[in-house]
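Presented below is the structure to which this report refers.
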Amino acid sequence: MTQMSRLEVRKDNLGESRLVTGTAPALKEGEILVRVERFALTANNVTYGVVGEKIGYWKFFPAEEGWGVIPVWGFAEIVESQTEGLGPGDRLYGYFPMGTHLVMTPVKVSAERLIDGAPHRAELPPVYNSYSRAGVATPLDDARALLFPLYATSFCLYDFLIDNDWFGAAQAVLVSASSKTAIGLAIALHDDERGPAPVALTSPRNLQFVKDLGLYDAAFTYEEISAIDNSKPTVVVDFSGNGETLSDLHRHLGDNMRFCSNVGVTHYEKNAMGPHFIHERSQMFFAPGHIKKRAGEWGPGAFEQKAFGFWKDAAEKRSGWLKIEHAKGMNDCEDVFHELRKGGTAPDRGLIVEPWTS
């Protein structure tokens, strides 16, 4: 009998967690059991937990009332199959629970991908239900688990700004500029001379790291908001969710704050917006919504192909700053999740968890 384990957190208090173990159920016809090989942990996963109720992230991997399983991106191997065309040893890349195993119901199986057709996932965003057939392991797998989901969002934001003619901005202030998704967007803006100049806003401890990336035209700490040039039309892309910082930034920019895209919630304990936050020119950014829009405009698979090309190019050329570390087993997973949740992870660290141990 296959033993399974996963990390659950309290939906109303991410600081409270537990490891839940059990036995994998007998597979029904059309199901597969996968063993999670590795997954990435980033600030993005904290965001999943913070907005889990609002956006629906708790629905992917249901738990007991009051508890939730935070989704992660990574690789898994099929260990049992009752689905034709899929067998033990086949590898998948996609959305998994923070745990060791998952029972899936594959539909629309092709040589390139499949969809998890589990009934409880039917109404959830398609991008999260789609799994790539990964083939054999490669040296880029760790970087793919870490960066592809984040850089896909970076590419979405870049494409969103283009689609809106940059909101007329001459500069783009990226708040929490050391985050990996912000770095992905900074790469895109830096390499596109048509776009607004990327400007970093970050913490004092990460300021030198951000400057050393060589992607931002200027970099400031949160205490230096008043030094940002407010004479230029500006678009703000916020990866922090820090309401106090955004309020101060909006007040400083005034009428030149043309648009604010709210992406992440890394400072989730301070996400109540302050009195000067300009609500009418701000909007929460939901990457799956943008992907769905582009799928309708560009046709099936076109967005994924462009995003994959962007990630691969950025990872191969611009990831010398990334130091990948591995945690092994679910006990270590619990420890590094809470370290990440408390903001104790340096921006140049990439955390990969190998949850299954023999």
Side-chain angles (χ1 to χ4, degrees), residues 43-44 47 150-151 153-268 270-285 287 290 347:
N44 197 41
T47 298
L150 305 180
Y151 281 12
T153 298
S154 305
F155 182 77
C156 279
L157 286 160
Y158 170 64
D159 184 59
F160 171 73
L161 293 176
I162 291 175
D163 198 38
N164 286 277
D165 198 23
W166 315 107
F167 293 94
Q171 65 181 357
V173 176
L174 277 54
V175 186
S176 194
S178 67
S179 72
K180 295 174 179 64
T181 311
I183 291 171
L185 177 58
I187 290 171
L189 294 175
H190 177 274
D191 292 350
D192 189 343
E193 60 185 20
R194 303 168 301 167
V199 174
L201 197 57
T202 188
S203 65
R205 71 173 183 173
N206 292 333
L207 182 63
Q208 193 59 50
F209 167 77
V210 165
K211 288 181 176 179
D212 289 345
L213 290 171
L215 298 171
Y216 294 99
D217 281 29
F220 304 94
T221 68
Y222 297 122
E223 292 76 21
E224 296 173 329
I225 285 175
S226 61
I228 296 173
D229 187 348
N230 61 1
S231 69
K232 296 178 180 179
T234 303
V235 63
V236 175
V237 185
D238 174 55
F239 299 91
S240 74
N242 189 316
E244 181 180 343
T245 294
L246 285 176
S247 179
D248 290 346
L249 180 60
H250 285 200
R251 177 176 57 181
H252 175 65
L253 294 171
D255 290 341
N256 272 327
M257 203 297 290
R258 299 300 174 85
F259 186 80
C260 179
S261 185
N262 303 109
V263 186
V265 194
T266 56
H267 298 98
Y268 67 92
K270 295 183 179 179
N271 64 356
M273 297 307 166
H276 304 288
F277 182 81
I278 305 172
H279 291 272
E280 60 271 21
R281 297 202 298 274
S282 301
Q283 188 177 76
M284 186 76 179
F285 185 80
H290 185 78

Is a side-chain donor or acceptor of Q171 paired with a backbone partner of D217 at a separation under 3.5 angstrom?
no
Can you see which heavy atom on H250 is nearest to which on S282, and at what distance?
CE1-OG, 3.5 Å
How are the rings of F277 and H279 set to each other: parallel, tilted or perpendicular (split at 30° and 60°)?
perpendicular
Could you please spell out the steps behind the ring pair (Phe, Tyr, Trp, His ring centres under 6.0 Å) verdict for F160 and F167?
CA-CA 10 Å; F160 171 73; F167 293 94; 5.7 Å; yes
What verdict does the side-chain contact (heavy atoms from CB on, under 4.5 Å) test give for V235 and N164, after you've listed the backbone C-alpha separation in whole Å, the side-chain angles of each residue and the deciding distance to 0.1 Å?
CA-CA 11 Å; V235 63; N164 286 277; over 6 Å; no
What is the minimum heavy-atom distance between Y151 and G184, and which atoms define it?
CE1-CA, 3.5 Å
Determine whether S154 and I187 make a side-chain contact, defined as any pair of heavy atoms from C-beta on separated by less than 4.5 Å.
no
For a 4.5 angstrom cut-off between non-hydrogen side-chain atoms, does V236 reach L253?
yes
With no hydrogens and no angle check, is any side-chain donor or acceptor of Y216 less than 3.5 Å from a backbone partner on A177?
yes
Any side-chain heavy atom of L185 within less than 4.5 Å of one from F239?
yes
Show your working on side-chain contact (heavy atoms from CB on, under 4.5 Å) between V263 and T47 and close with a plain yes or no.
CA-CA 9 Å; V263 186; T47 298; over 6 Å; no
Scan side-chain atoms only and decide if N242 and Y222 contain a donor-acceptor pair under the 3.5 Å cut-off.
no
What is the minimum heavy-atom distance between I183 and S178, and which atoms define it?
CD1-O, 3.5 Å
Answer whether the closest heavy-atom distance between the side chains of M257 and T234 falls below 4.5 Å.
no
What verdict does the side-chain contact (heavy atoms from CB on, under 4.5 Å) test give for V199 and F220, after you've listed the backbone C-alpha separation in whole Å, the side-chain angles of each residue and the deciding distance to 0.1 Å?
CA-CA 8 Å; V199 174; F220 304 94; 3.8 Å; yes
Taking atom CD of E223 as the centre, report whether more than 12 heavy atoms of other residues, nucleotides or ligands fall under 6.0 Å from it.
yes
Has the side chain of S247 got a donor or acceptor atom that lies under 3.5 Å from a matching backbone atom of H276?
yes
Do L189 and P196 come close enough that some side-chain heavy atom pair is under 4.5 Å?
yes
What closest approach, in Å, do P347 and K180 show between heavy atoms, and which atom pair accounts for it?
O-NZ, 3.4 Å
Could you tell me which non-hydrogen atom of N256 sits nearest to which non-hydrogen atom of N230, and how far apart they are?
ND2-O, 3.0 Å
Can you give me the closest heavy-atom contact between R258 and G168, atom names plus distance?
NH1-O, 4.3 Å
